[in-house]
Amino acid sequence: MSETSRAEVDDASVIGRSRREPEAFAEVFRRHAPDIKRYVTRRLGAEAAEDVVAETFLAAFSQRDGYDMSRPNARPWLFGIATNLMRRHVRTEVRQLHVLQRTGSDPVTASFAERSDERLAAEASGPVLAGALAALPVGHRDALLLVAWGDLSYPEAAQALGVRIGTVRSRINRARKRLRRDLGGVNPTAVVSEELVHE
């Protein structure tokens with residue numbers, strides 16, 4: 001592997017290169033757009049997701065000069081941008097969760113059939129869980145879903161939300177307690193994300 005190839009393996013190197021060669025930013029899109037789209041689709045539905053994903057990468061491209069080059073993985077940064085943009089769509093998200101609650105139809109499972117999504121969908125498509133998620137405070141829902149549906153670690157979720165890791169732990173803990181209460185003592189996160197149980 002050449003020195004250039006090694007240097008461009010991480011996202012920070014690609015973003016750095018895109019400052020001189022803007023077209024290089026397409027690699028960041030290629031690497032992360034499917035995960036961002038899956039996450040946003042699950043939260044807002046397919047129609048709103050297209051707009052949010054496009055806005056996320058436009059914002060990331062315009063903010064690339066300010067990217068912290070000490071962070072080799074841009075995933076938390078991108079999920080943070082997407083989460084902030086989704087806040088404009090809180091009503092859409094709650095409406096999407098209520099549709100899921102009524103119909104049990106998860107908008108992601110038809111489009112993305114990966115093994116991990118099958119595991120997530122088995123629990124996430126539960127109508128009762130959808131209603132309970134809709135009732136969570138936005139900050140708690142963001143933290144929980146970044147970890148459970150976005151597959152971010154606690155430190156990555158903290159970075160994405162611009163808060164301390166203790167805040168993420170606290171929000172997820174409170175969300176789990178509330179979900180357990182709303183679901184009659186069942187732990188919905190046991191299936192959705194083993195991380196939530198072990199953290």
Does some side-chain heavy atom of [Y] sit less than 4.5 Å from a side-chain heavy atom of [X]?
X      : Y      : answer
Met86  : Thr83  : yes
Arg71  : Pro76  : no
Phe61  : Val28  : no
Arg171 : Asp142 : no
Tyr154 : Val147 : yes

I'd like to know if the side chain of Glu156 and the backbone of Ser153 have a donor-acceptor N/O pair within less than 3.5 Å. yes
With distance as the sole test, does Arg64 use its side chain to make a donor-acceptor pair with the main-chain N or O of Ser18 at under 3.5 Å? yes
Could you pull out all residues at least two apart from [X] that satisfy salt bridge (charged side-chain N to carboxylate O under 4.0 Å, His left out)?
X      : answer
Arg75  : Asp35
Arg174 : none
Arg30  : Glu27
Glu23  : none

Among residues at least two apart in sequence or on other chains, which ones pass side chain to side chain donor-acceptor pair (under 3.5 Å) with [X]?
X      : value
Asn173 : none
Arg19  : none
Ser70  : Asp68
Arg141 : Glu93

All heavy atoms of Leu146 vs all of Ala160, minimum pair found to be CD1-CB, 4.2 Å
Which pair of heavy atoms, one from Val14 and one from Ala24, lies closest together, and at what distance? CG1-O, 3.4 Å
Ala74: partners by side-chain contact (heavy atoms from CB on, under 4.5 Å), with sequence neighbours left out: Asp11, Ile15, Tyr67, Trp77, Leu78
Only counting residues at least two apart or in another chain, list the ones meeting side-chain contact (heavy atoms from CB on, under 4.5 Å) with Pro72. Asp10
Run Leu152 and Phe79 through side-chain contact (heavy atoms from CB on, under 4.5 Å) and show every step you take. CA-CA 9 Å; Leu152 269 62; Phe79 272 90; 3.5 Å; yes
Decide side-chain contact (heavy atoms from CB on, under 4.5 Å) for Arg178 and Leu136; before the verdict, give the C-alpha distance in whole Å, the side-chain angles of both, and the deciding distance to 0.1 Å. CA-CA 8 Å; Arg178 185 164 173 180; Leu136 287 175; 3.9 Å; yes
Evaluation steps, side-chain contact (heavy atoms from CB on, under 4.5 Å), between Leu145 and Leu133: CA-CA 9 Å; Leu145 297 181; Leu133 286 170; 4.2 Å; yes
The test is salt bridge (Lys or Arg N to Asp or Glu O under 4.0 Å); show your working for Asp151 and Arg38 and say whether it passes. CA-CA 11 Å; Asp151 288 329; Arg38 192 172 10 261; over 6 Å; no
Could you give the side-chain donor-acceptor pairs of residues 45-58 under 3.5 Å, partners two or more places apart or in another chain?
unit_1: Glu50; atom_1: OE2; unit_2: Lys37; atom_2: NZ; d: 2.8
unit_1: Glu55; atom_1: OE1; unit_2: Arg88; atom_2: NH2; d: 2.9
unit_1: Thr56; atom_1: OG1; unit_2: Val52; atom_2: O; d: 2.7

